[in-house]
Amino acid sequence: MSRFKYVLPVAVFFLCYSVTAQDYKFGKVSKEELLEKVYAQDSAAAAAVLYRKRNIRYNYVQGSGFQVITEVHERVKIYTKEGFRYATVSERLYKNNRANETIAGLKAFTYTMENGDVEKQKMGKSAIFSTSLNKYRNEEKFTLPNLKEGSVIEYEYRIVSPFAYNIDEIVLQYDIPIKKQEISIATPEYFMFKPNMKGYLGMQPKYTTNSGKINFSSKTRSTVGQVSQTTFKQNEIDYTTNVTSYNMDNVPALKEEPFVNDIDNYRSAVKYELQYVQFPQSIREGYTTSWEKVIEKIYDNSSFGTQLKIHNYYKDDLELIKAKTSSKVELVAAIFSHVQRRMTWNSIYGYFVDKGVKEAYKEKSGNIADINLMLTSMLQQAGLEAYPVLVSTRSHGIPLFPTREGFNYVIASVQLDGNTILLDATNKFSEPNLLPTRALNWYGKLIKKDGTFTTLNLIPEKPSRNSFNMSVSLNEDGSLEGKMRKTYGDYNAYLHRNKYSSINEDEYLEKLENKNDGMEISDYTVKNKNALGKPISESYAFSMENQASTIGDKIYFSPLFHLAMEKNPFKLEKRNYPIDFTYPWQERNVILISLPEGYETTSLPEGVNLVMADGMGGFRYQISLKGKILQVLVDFKINRAIISPEYYQDLKEFFKKAIEKQTEKVVLSKISSDGTSQSAAGGR
């Protein structure tokens, strides 16, 4: 249940398997490692893992049963100051109301070269911090001391977990290179796990078996006459341990780019999913063998399906809502709005309730399941065809295989006039069919009352639009004065409300001015700031300096000014994971520019209409001059929320051309006294 957290990104992988003579025994850091200036396979790396070992094994404790022991040993080379952040390590440890995971045997040292000798400094207890994150998670964090460029840090510890039915996902690649890693997983024959691989790393695991032994004592009491006697006996049970090993050299760093739903969804890792448990002379207990069985187990749980049948706690409120509505569409909207306004999410995920729907309704707060199962129940009791939908959030991964752990979220759905409406009342600014972005993760499983299910696409297809209308006057000194009107629709409005609802207008305008360096804003107005279902519209006057360059008798400027996209977000030569824009989008800019007196245009960018393959995106640029007014239209759109990596080169080139066009310059020349441009007059 624990999760090693380096905050680790993903990319394409290539591995070389080799054997080295390097001594990786704890404490045996060499001068060669300390003197190394760069990582040979990646000279840009700020740090590199020289050695990583992670052994996962089971240990039997009499009276408690099996524990999962995870032994960790890592040695990390710090090349630059940017690498200092890898000297802070954290483990997230699972807990419930009966037991919790713990860390034991922590040792950590920093090694440096001092006057030609290797010196090491031990990490003190004051560098270790324990934090309770929520009712299910603790965090243990520590930071190595005495960091310098060129230092090597090394630490080891073990995680003791009483949750024998779970093995945490095993990370196989970081955002820094790994020179050598040795991973082993040893499980008793009683626990049958299925390994599920993800990412693009070619792995060649090695399978072996070992023998294990359980030692336990038993006692018997006997009475002979008036004398009681206790006899102790030592017992042994032999069993087979199945061992899987991953030994890898020169694992390259994972490179992250923008527009990824969550990088952990694509980085290479292996997750061990429990299939069944069978102890000697016991019936096999199955777990995840099919989606049907997974869904059945979830729905039959008292913290899920039973919660939909509890409804007396909201009965009076529902009657009032029904009395005020005259159609099913109004009824859906009214019930959704009631739950959304009443309830506050406590930031805890889960498809099982935390407090239970009745208690959560009373306290007006709860986890994801408390709120959205409550919403589903109210919709059902109102006579609507409503069902819960299991979801995995963007940060949780994509459940490709039948697994209960693949989900961590639940939303509501309503079937109305042949359409499915998706609802999530845990965010104050979501709307029907406009889910919080955290839930937009490929597919969900809609569960009906009879336990059957259907798969729903959660990805939005309707583009969310931004519209910017700007009317400005360009002055001879390069300054700009004008007015701006911005309109944010759908998800753009949702994100704007979530980002700025908690700050006042002065703070917002300060952020806007800082974002557009040198801008001064006045006469600000906003409409529909919190009117869900309507686009946000804001208007203001502004002035900016240094928006054009004057060289001799010419003025050069980009007609999009601060609205232009100047850098291509796509920089990798190759990308093997999807480009995820979260939702389709369109941005339309209309700009009117009054040119300064005494100047005329001598060069205008050409118009262009770019179209991506298969209609996935488009870019239109039009520019024209009418009198002294320059008119510019830019329409930039991405028509698919998710674009597969096979189109990466096309997308990269598409953005490159669009950015080049946006940053092209208009050239103005000063008009001479006889009515011709000075450059033309000078050429006669």
Side-chain angles (χ1 to χ4, degrees), residues 4-9 15-55 70-91 103-130 139-159 171-183 247-255:
F4 184 71
K5 193 178 182 185
Y6 252 157
V7 184
L8 309 168
L15 290 183
C16 300
Y17 295 87
S18 64
V19 178
T20 76
Q22 174 68 48
D23 186 358
Y24 292 113
K25 185 178 180 181
F26 188 84
K28 298 294 184 180
V29 173
S30 67
K31 288 185 178 181
E32 289 75 16
E33 289 172 320
L34 286 164
L35 292 172
E36 190 174 88
K37 299 299 182 184
V38 296
Y39 186 69
Q41 285 80 11
D42 185 355
S43 60
V49 178
L50 301 180
Y51 179 68
R52 176 177 184 242
K53 186 175 184 179
R54 205 169 183 92
N55 288 340
T70 302
E71 297 170 334
V72 177
H73 172 201
E74 296 210 9
R75 182 182 297 177
V76 182
K77 170 72 177 184
I78 308 294
Y79 296 107
T80 68
K81 289 182 179 178
E82 288 74 22
F84 286 5
R85 66 190 181 100
Y86 297 102
T88 296
V89 182
S90 68
E91 285 280 1
I103 283 184
L106 174 59
K107 296 190 295 183
F109 294 89
T110 300
Y111 300 83
T112 56
M113 284 292 291
E114 302 292 343
N115 300 318
D117 295 321
V118 178
E119 291 195 4
K120 69 176 184 178
Q121 181 172 340
K122 185 178 180 179
M123 182 187 72
K125 292 184 178 180
S126 61
I128 305 171
F129 299 94
S130 301
E139 182 181 58
E140 293 285 328
K141 181 185 290 187
F142 59 88
T143 300
L144 278 293
N146 194 34
L147 295 176
K148 298 178 182 179
E149 291 182 344
S151 296
V152 171
I153 61 173
E154 189 173 39
Y155 47 86
E156 68 175 12
Y157 55 88
R158 64 183 181 275
I159 303 165
V171 176
L172 295 174
Q173 193 162 39
Y174 291 172
D175 64 341
I176 55 176
I178 302 173
K179 186 177 182 181
K180 184 177 184 64
Q181 68 177 347
E182 298 174 333
I183 311 293
N247 297 322
M248 307 172 189
D249 294 348
N250 300 322
V251 182
L254 299 171
K255 305 293 185 182

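If you read the sequence from its start, that first residue is 1, and numbering goes on from there.
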Show which side-chain atoms of residues 27-36 pair as donor or acceptor with protein atoms under 3.5 Å away, not counting sequence neighbours.
residue : atom : partner : partner atom : Å
Ser30   : OG   : Glu33   : N            : 3.2
Ser30   : OG   : Glu33   : OE1          : 3.4
Lys31   : NZ   : Gly116  : O            : 3.1
Glu33   : OE1  : Ser30   : N            : 2.9
Glu33   : OE1  : Arg75   : NH1          : 3.3
Glu33   : OE2  : Gln22   : NE2          : 3.4
Glu33   : OE2  : Arg75   : NH1          : 3.2
Glu36   : OE1  : Tyr79   : OH           : 2.5

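Ring pair Tyr111/Phe109 is tilted by interplanar angle, where 30° to 60° counts as tilted.
For Phe26, the ring pair (Phe, Tyr, Trp, His ring centres under 6.0 Å) test picks out His73, with sequence neighbours left out. For Glu71, the side chain to side chain donor-acceptor pair (under 3.5 Å) criterion is met by Arg57, not counting sequence neighbours.
Residues Gln121 and Asn146 share a closest heavy-atom pair of OE1-CB, 3.1 Å. Scanning both residues, Ala47 and Gly83, for their nearest heavy atoms gives CB-CA, 4.2 Å. The minimum heavy-atom distance linking Tyr24 with Leu50 is given by the pair CE2-O, 3.5 Å.
In this structure, the separation between CD1 on Ile128 and CE on Met123 is 4.0 Å, given to the nearest 0.5 Å. Atom CD in Glu149 sits 7.5 Å away from atom CD in Glu82 (nearest 0.5 Å). Once rounded to the nearest 0.5 Å, the distance linking CD1 of Ile178 with CZ of Arg52 reads 5.5 Å. A distance of 15.0 Å separates CZ in Phe142 from NZ in Lys125, rounded to the nearest 0.5 Å. The distance from atom CG of Asp42 to atom CG of Asn250, rounded to the nearest 0.5 Å, is 11.5 Å. From Glu140, atom CD reaches atom CD1 of Ile159 across 10.0 Å, with rounding to the nearest 0.5 Å.
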Check against side chain to side chain contact (heavy atoms under 4.5 Å, CB included), Met113 and Val118
CA-CA 5 Å; Met113 284 292 291; Val118 178; 3.9 Å; yes

Assess the residue pair Asp175 and Tyr86 against the criterion (side chain to side chain contact (heavy atoms under 4.5 Å, CB included)); give the C-alpha distance rounded to whole Å, side-chain angles, the decisive distance to 0.1 Å, and a yes or no.
CA-CA 10 Å; Asp175 64 341; Tyr86 297 102; 3.0 Å; yes

I would like to know whether Val89 and Tyr157 meet side chain to side chain contact (heavy atoms under 4.5 Å, CB included); could you show each step before the answer?
CA-CA 12 Å; Val89 182; Tyr157 55 88; 4.2 Å; yes

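Between the side chain of Gln181 and the backbone N or O of Leu172 there is at least one donor-acceptor pair closer than 3.5 Å. Judged purely by atom type and a 3.5 angstrom limit, Thr110 has no side-chain atom pairing as donor or acceptor with the backbone of Leu147.
Under 4.0 Å is where a charged nitrogen must lie from a carboxylate oxygen, and between Lys148 and Glu119 no such pair does.
Residues Thr143 and Thr88 bring a donor and an acceptor atom of their side chains to less than 3.5 Å of each other.
The side-chain contact (heavy atoms from CB on, under 4.5 Å) test with Tyr51 singles out one residue from Lys179, Glu182, Lys77, Glu154, and that residue is Glu182.
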